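Structure, as structure tokens:
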Amino acid sequence: MKMTRHIKSTATFALLAALIILALRAINWLPSAIDDGTLRRYESIEAVHTVVTPVYMPAYFPTALRWPPSSIIAQSNPYRAVMSEFDDKRTGETALVISQSESGGFGPPENFTVALSAETVTYYIGPRSVTLVVGSSSGGRRISTLTWREGPYIMKLAMIGEPFELTRMAESMLK
Amino acid sequence: MGFISNILNSYAGMYAVQVMLHSLVAGALAASASLAWDLKAPRARQRLHMCVILVPATGFPLYQMISPERGSVYFRLDALLDANRWLVLNMLGMVPVLGLVGLVVLLSTLIFLSQELMPIFRHMIDKADVSHNPESIPIRPDSPAPTPHMAKVRLAAEGLPVALPEIYAIEHEEACAFSSTGARPAIYLSIGLVDALDTDALRAAIAHEAAHIMRSRSPVIIMVFILRVLMFFNPVTLLEFRRMVQEEERICDEIAAGMTGSPGALASALEAMRPDTGEHAEGVTGAVYGIEQYSLSVQLNDRITWLRSGGTGNAEPGWAIAVIVALAAMAINYYVV
């Protein structure tokens with residue numbers, strides 16, 4: 001009898017906890033129903049144009065990478081930002097991240113951030129001063145990143161491996 | 001907006017926002033547990049209130065240690081709840097949600113300062129005054145009892161199965177009793193109370209205050225109090241701490257009833273100490289005072305009803321339910337950023 005009551009109470013608690021989780025999901029969804037500019041995923045670059053324009057993409061694109069992006073996230077509130085991920089055709093894993101943001105707080109994930117820099121170079125591509133950083137991520141992967149300012153946006157290109165393709169893409173965006 | 005975004009994304013900003021959200025979730029889980037297990041025992045209910053204060057206060061630093069990426073864009077996108085999605089909104093295009101949250105934080109802080117911190121300082125000063133007031137005479141077992149009041153208190157204190165601290169009689173007509181804790185704990189009884197109660201009821205009042213002093217040394221309670229002070233901005237902590245204090249009164253009622261064997265005697269003592277909910281000052285201050293006194297009266301009535309019914313029947317379920325709630329809160333709150 002006591003055991004039955006305990007099981008019933010535990011089941012009731014589990015149900016109430018599940019309802020709390022559902023309520024949290026609903027509360028999290030509401031802002032996107034009120035404001036189109038909240039952070040969300042998009043199916044295509046064209047769809048992003050409804051919240052962020054322009055969206056800068058390279059004219060040159062490595063053949064080893066898959067187009068279109070496998071993941072696109074964007075927002076216009078509290079500031080405009082877009083981040084696109086591109087997969088390697090061979091491995092299927094994310095190999096390139098392009099971010100465009102009005103704030104420095106929005107950028108590639110940690111596994112595409114250089115934690116230990118082997119080389120940092122600042123030079124000009126056309127009229128823009130760009131910073132190239134080559135090093136390792138916190139997971140030990142070889143990462144190359146290129147950063148520059150494009151109007152109100154901070155542009156960041158981050159790629160697994162050496163920077164050759166990265167600089168070609170940046171040049172196609174800046175020249 | 002960039003400035004506000006930078007504050008919200010700083011460690012302190014994220015801690016402040018998330019601790020409030022985590023408290024809400026923990027509070028909802030604690031209420032669910034109380035409902036599911038039909039908890040009536042004050043100790044079990046107090047443990048749940050402690051969970052709501054302890055778990056959120058320690059959760060965020062722990063989560064960030066385990067997963068520093070928790071503040072990243074990708075984690076937020078897949079979180080159960082991302083607070084930033086609300087904080088950047090303007091309701092009806094005019095009222096910033098962040099502003100409303102700031103208002104709530106400000107109110108919580110003001111309430112904490114005016115109703116908790118200031119009274120503590122005032123109590124410390126009053127206690128010093130009372131100790132040094134020649135009209136407040138300590139009643140010690142080895143010293144003579146020059147007045148009938150002191151003799152009555154000494155008679156009431158005899159026979160209690162605990163070592164009692166110093167007991168002071170205060171020249172005050174209103175029936176009240178309180179205790180002070182710390183290095184030199186003491187019990188204070190007003191002359192009005194001593195006059196109003198018979199020996200049994202007085203013994204019960206002393207036992208209740210002695211229970212407060214015994215329990216004040218609990219490390220968990222001390223830690224919860226420290227966290228409560230540190231989270232002065234959190235309205236959920238404000239409410240939960242007050243509910244914890246209410247349960248503490250009931251726990252001390254249980255202990256006193258056990259010590260004296262007479263829950264009815266304690267009920268009589270509480271009836272004598274019921275606040276006056278009649279006329280009071282006008283204006284906002286008067287209204288606030290009136291509400292407080294009414295609230296106190298309702299709580300006292302609950303306690304008196306329980307004591308008059310025999311003061312028994314609260315089966316103690318132990319720490320298991322509090323642990324379940326804490327674990328559930330830790331698991332769910334990890335995904336609330």
Side-chain angles (χ1 to χ4, degrees), chain A residues 2 5-35 37-41 71-83 85 94 97 99 101-113 115 138 152, chain B residues 1-6 8-10 21 24-39 67-69 71-93 96-98 315 317 320-321 324-325 327-329 331-333 335-337:
Chain A
K2 205 173 174 186
R5 210 174 63 227
H6 274 301
I7 292 170
K8 206 174 161 185
S9 298
T10 308
T12 306
F13 176 71
L15 180 65
L16 290 169
L19 286 173
I20 289 168
I21 290 170
L22 282 173
L24 287 171
R25 287 298 249 176
I27 293 166
N28 194 51
W29 166 82
L30 266 175
S32 55
I34 297 168
D35 182 352
T38 53
L39 182 70
R40 65 176 76 193
R41 286 198 162 88
S71 163
I72 307 170
I73 58 175
Q75 66 179 46
S76 62
N77 192 4
Y79 53 83
R80 290 176 297 175
V82 184
M83 188 140 57
E85 290 184 356
T94 305
V97 176
S99 80
S101 170
E102 288 179 322
S103 168
F106 191 105
E110 198 196 353
N111 57 347
F112 276 86
T113 305
S138 56
Chain B
M1 246 326 183
F3 171 70
I4 293 168
S5 179
N6 288 340
L8 288 177
N9 287 317
S10 68
L21 283 177
L24 275 171
V25 171
L29 286 167
S32 302
S34 191
L35 190 68
W37 276 281
D38 192 25
L39 291 181
S67 173
E69 278 281 286
S72 75
V73 165
Y74 286 99
F75 190 96
R76 287 179 176 277
L77 204 58
D78 293 325
L80 275 176
L81 175 62
D82 175 9
N84 280 4
R85 293 165 67 81
W86 278 95
L87 293 174
V88 300
L89 282 184
N90 277 326
M91 303 300 285
L92 304 172
V97 172
L98 183 61
I321 295 171
I324 290 170
V325 168
L327 290 173
I332 293 174
N333 282 337
Y335 297 99
V336 175
V337 290

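Note that the structure is predicted; figures quoted are calculated from it, not measured. Protein chains get the first letters and strands the later ones, always in sequence-line order, with residue 1 at the start of each.
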**OP:** Show the numbers, then the answer: is there a side chain to side chain contact (heavy atoms under 4.5 Å, CB included) between A:H6 and B:W37?
**Re:** CA-CA 8 Å; A:H6 274 301; B:W37 276 281; 3.9 Å; yes
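- Taking CD1 of A:I21 as the start and CG of B:L80 as the end, the distance is 6.0 Å to the nearest 0.5 Å.
- Put simply, OG1 on A:T38 and CG on B:N84 are 11.5 Å apart, with the number rounded to the nearest 0.5 Å.
- The contact between B:L35 and chain A is made entirely by side chain atoms (from C-beta outward), counting heavy-atom distances below 4.5 Å.
- Of the possible donor and acceptor atoms, none in the side chain of A:R25 sits under 3.5 Å from a partner among the backbone N and O of B:L81.
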**OP:** Kindly indicate, with the supporting measurements, whether the criterion side chain to side chain contact (heavy atoms under 4.5 Å, CB included) is fulfilled by A:F13 and B:V325.
**Re:** CA-CA 9 Å; A:F13 176 71; B:V325 168; 4.2 Å; yes
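- Residue contact with chain B, scored on non-hydrogen atoms closer than 4.5 Å, involves the backbone and the side chain of A:L39 alike.
- If you tally non-hydrogen atom pairs under 4.5 Å between each of B:A33, B:S72, B:A328 and chain A, the highest count goes to B:A33.
- Judged by distance alone, with hydrogens and angles left aside, the side-chain atoms of A:N77 form a donor-acceptor pair with the main-chain N or O of B:V88 at under 3.5 Å.
- With a threshold of 4.5 angstrom between heavy atoms, A:I27 approaches chain B through its backbone and through its side chain.
- Every residue two or more places apart in sequence or in another chain that forms a side chain to side chain contact (heavy atoms under 4.5 Å, CB included) with B:A83 is listed here: B:V17, B:L21, B:L87.
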**OP:** I would like to know whether A:N28 and B:D82 meet side chain to side chain contact (heavy atoms under 4.5 Å, CB included); could you show each step before the answer?
**Re:** CA-CA 6 Å; A:N28 194 51; B:D82 175 9; 3.8 Å; yes
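- Proximity to chain B is limited to the side chain of A:I20, based on heavy atoms less than 4.5 angstrom apart.
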**OP:** Test side chain to side chain contact (heavy atoms under 4.5 Å, CB included) on A:S32 and B:R85 and set out the steps.
**Re:** CA-CA 8 Å; A:S32 55; B:R85 293 165 67 81; 3.5 Å; yes
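- Using a 4.5 Å cut-off between heavy atoms, A:R5 does not touch chain B at all.
- Applying the side chain to side chain donor-acceptor pair (under 3.5 Å) test to pairs two or more places apart or on separate chains, none has a residue in residues 7-23 of chain A.
- No part of B:V97 comes within reach of chain A, as not one of its non-hydrogen atoms sits under 4.5 angstrom from that chain.
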